[in-house]
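Heads up, the thing below is written out as structure tokens.
Counting starts at 1 for both ligands and their atoms, in listed order. One is the number of the first residue; the rest follow in order along the sequence. Computed from a prediction, not measured in an experiment: that's the story for all the values here.
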Amino acid sequence: MSSADEAVGRRGRASSAPDVSGRFGLRLAVWYASLFIASSFAIVLLTYWLTASSLAQRDHEIIQAKLGEYATVYARGGLRALTATVQAEQRTSRERVFVRVLDRGAEAVLLSNAEGWDPATLEVGTVTLLDGSIIQVGKSTEARSDILARFRATLGFVTLSIILIALTGGWIATQSAVLPIRRLSSAVRRIIETGRTDERVPAGSDDDAVGELTVLFNQMLDRIEGLVRGMRGALDNVSHDLRTPLTRLRGTAELALGAAPDPERYREALADCVEESDRVLVMLNTLMDISEAESGAMPLKREVVDLREVVARALDLYHDVADAKDVALQTGRQERALALADPVRLEQVAANLIDNAVKYTPAGGRVQVDVDRVGDRAVLRVQDNGIGIPGEELPRIWERLFRGDSSRTARGLGLGLSFVKAIVEAHGGTVDVASTPGSGATFTVSLPAAQEPAALTQM
Ligand code: ADP
């Protein structure tokens with residue numbers, strides 16, 4: 001499958017992706033509405049039960065009060081007094097009760113409202129008196145049932161309204177909750193479809209989880225865009241820098257082929273070609289090393305190394321060059337400073353910094369290399385009194401293939417400092433520069449200091 005086909009395939013999948021946020025919104029609405037309805041139901045049922053039982057309780061209390069009252073009247077004035085009291089009450093009282101008195105032989109001697117005495121629709125209370133007679137007071141449950149029936153109808157209506165409100169409210173609430181997620185996913189979909197990373201999701205409030213996710217997502221896009229721009233820039237630079245040696249290589253070969261056959265000329269042309277090819281190879285290898293170190297894929301054979309030894313080996317390589325250029329290459333402070341590092345890579349770091357210092361220091365100048373232990377850091381410093389670096393170039397010197405304006409005449413690929421930075425950072429260290437144009441530059445590498453090896457401390 002070609003990459004174009006893959007892109008089309010990916011695009012197809014992205015645009016036909018199911019509306020996940022829609023389904024999520026529906027689920028959320030259903031959950032919300034079910035919870036709301038269930039809790040409303042519980043409240044309605046509880047209210048109904050409390051009302052029904054308090055009405056029953058009220059009837060019970062009325063009956064008990066009447067029984068007590070009638071028992072007292074009967075005890076004081078007998079059946080006649082009770083009959084008079086009941087008749088008087090039946091005329092005046094709004095609360096209609098039924099009264100029946102049974103004598104010892106269970107014969108009804110008093111019955112108020114004989115036509116309405118139906119134990120099926122009455123709640124009846126009974127008290128037995130000292131002479132064996134029984135007073136019964138009944139109260140109709142019809143009024144209570146009426147009230148409860150009306151209450152049930154009202155509750156039914158309220159419940160129906162609650163269900164409607166729950167469904168609409170749930171839908172509206174979840175729609176507004178899902179909206180930022182929708183915006184986020186449609187932005188992602190657009191980016192997948194168009195491949196444009198300059199798209200941004202409109203930020204809502206950032207004080208909730210989705211708002212925070214949106215801000216983070218936009219930041220991630222900023223970062224990706226920066227990386228892609230950097231990669232494009234580096235690729236442009238690489239192609240540009242490769243073109244020059246390749247053109248030279250081709251030109252040399254073409255010239256030799258065009259001229260009259262001459263073994264000596266051929267030999268020289270081939271030697272030039274080999275030199276140019278080496279230059280290209282060094283450039284590509286260094287670029288690969290930088291990428292490996294930056295991505296953490298570079299294998300580092302770490303061991304405890306003394307920076308003084310690393311510096312001594314690197315200095316050996318440059319004494320002749322410095323002498324030839326009449327630059328004094330010397331060591332200054334040389335403290336014991338150990339670091340857990342790959343000695344070969346660290347030597348390349350020191351060599352690159354010394355190479356630059358010698359290269360950018362005119363005849364009569366001086367380059368000094370110090371090794372120091374500062375707190376828990378092992379420090380390597382390369383100082384020169386050469387041409388220095390202009391302020392506006394300082395932030396760019398670490399970029400791949402960047403070469404300062406005044407350095408164009410010197411040999412170099414513009415990769416030395418990017419390499420130094422990548423390797424030092426792969427070791428968990430930092431590299432800084434301080435420079436005054438015209439007075440020189442100081443590069444400082446700081447690495448986490450390693451503990452003294454046990455064998456050495458015991459000695
Ligand atoms: P190169 O030396 O191959 O040009 P580098 O990556 O090593 O590439 O350095 C990048 C730029 O930083 C150089 O082109 C130069 O302008 C500047 N530079 C580095 N070291 C020094 C130094 N010691 N003094 C002055 N300029 C320096």
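- With respect to the salt-bridge test (charged N to carboxylate O, under 4.0 angstrom), the residues Asp289 and Arg345 qualify.
- Contact atoms of ligand 1 toward Gly412: 3 (O) (distance under 4.0 Å to a heavy atom of the residue).
- Judged by distance alone, with hydrogens and angles left aside, the side-chain atoms of Asp384 form a donor-acceptor pair with the main-chain N or O of Ala441 at under 3.5 Å.
- Interface of Lys359 with ligand 1, defined as ligand atoms under 4.0 Å from a residue heavy atom, comprises 1 (P), 2 (O), 3 (O).
- Panel note: side chain Asn352, backbone Gln348; a donor-acceptor pair is recorded below 3.5 Å.
- Contact annotation: for Phe419 versus ligand 1, there are no heavy atoms closer than 4.0 Å.
- Counting only heavy atoms of the protein, atom 14 (O) of ligand 1 lies nearest to Gly404 N, 2.9 Å.
- The protein non-hydrogen atom at the shortest distance from atom 7 (O) of ligand 1 is Asn356 ND2, 2.8 Å.
- In terms of protein heavy atoms, atom 4 (O) of ligand 1 is closest to Arg403 NE, 2.6 Å.
- Counting non-hydrogen atoms of neighbouring residues, nucleotides and ligands closer than 6.0 angstrom, the CZ atom of Arg250 reaches no more than 12 such neighbours.
- With hydrogens and angles ignored, the 3.5 Å screen pairs no side-chain donor or acceptor of Gln334 with any backbone N or O of Arg308.
- Among protein heavy atoms, atom 27 (C) of ligand 1 sits closest to Tyr360 CD1, 3.5 Å.
- Each of the following atoms of ligand 1 lies closer than 4.0 Å to a heavy atom of Leu415: 6 (O), 8 (O).
- Where the criterion is an N or O separation shorter than 3.5 Å, residue side chain and backbone included, Arg411 fails it with respect to ligand 1.
- At under 3.5 Å, a nitrogen or oxygen of Asp384, whether backbone or side chain, sits near a nitrogen or oxygen of ligand 1.
- At under 3.5 Å, not a single nitrogen or oxygen of Phe443, backbone or side chain, sits near a nitrogen or oxygen of ligand 1.
- Shortest contact from atom 6 (O) of ligand 1 to any protein heavy atom: Leu417 N, 2.9 Å.
- Listed by number with element, the atoms of ligand 1 under 4.0 Å from a non-hydrogen atom of Leu413 are 3 (O).
- Those atoms of ligand 1 with a heavy atom of Gly388 less than 4.0 angstrom away are 25 (C), 26 (N).
- Below 3.5 Å of separation, one finds no N or O of Ala441 facing any N or O of ligand 1.
- Atom CD of Glu335 sits in a crowded spot, with more than 12 heavy atoms from other residues, nucleotides or ligands closer than 6.0 Å.
- Residue Arg223 qualifies as open at atom CZ: its count of foreign heavy atoms under 6.0 Å is 12 or below.
- Among all protein heavy atoms, the one lying closest to atom 10 (C) of ligand 1 is Phe402 O, 3.5 Å.
- Residue Lys359 qualifies as enclosed at atom NZ: its count of foreign heavy atoms under 6.0 Å is above 12.
- At least one donor-acceptor pair closer than 3.5 Å links the side chain of Ser418 to the backbone N or O of Glu399.
- In this structure, the protein non-hydrogen atom closest to atom 16 (O) of ligand 1 is Ser407 OG, 2.6 Å.
- A donor-acceptor contact shorter than 3.5 Å links the side chain of Arg373 to the backbone of Gly375.
- In this structure, Gly386 has no heavy atom closer than 4.0 Å to ligand 1.
- The protein heavy-atom contact nearest to atom 26 (N) of ligand 1 is Ile389 CG1, 3.2 Å.
- Arg333 places no side-chain N or O within 3.5 Å of a backbone atom of Asp372 that could act as its donor or acceptor partner.
- Atom CD of Glu392 has more than 12 neighbouring heavy atoms from other residues, nucleotides or ligands inside a 6.0 Å radius.
- Some N or O of Gly416 is nearer than 3.5 Å to an N or O of ligand 1, by distance alone.
- Every atom of ligand 1 is numbered from 1 in the order shown, and the set under 4.0 Å from a heavy atom of Ile397 is 10 (C), 12 (O).
- Residue Gly414 has at least one nitrogen or oxygen atom sitting less than 3.5 Å from a nitrogen or oxygen atom of ligand 1, judged on distance alone.
- Of all atoms in ligand 1, listed by their number and element, those nearer than 4.0 Å to a heavy atom of Ala357 are 23 (N).
- A salt bridge links Arg200 with Glu225: the closest approach of a Lys/Arg side-chain nitrogen to an acidic carboxylate oxygen falls below 4.0 angstrom.
- Without hydrogens or angle criteria, Lys325 side chain to Thr361 main chain gives a donor-acceptor distance under 3.5 Å.
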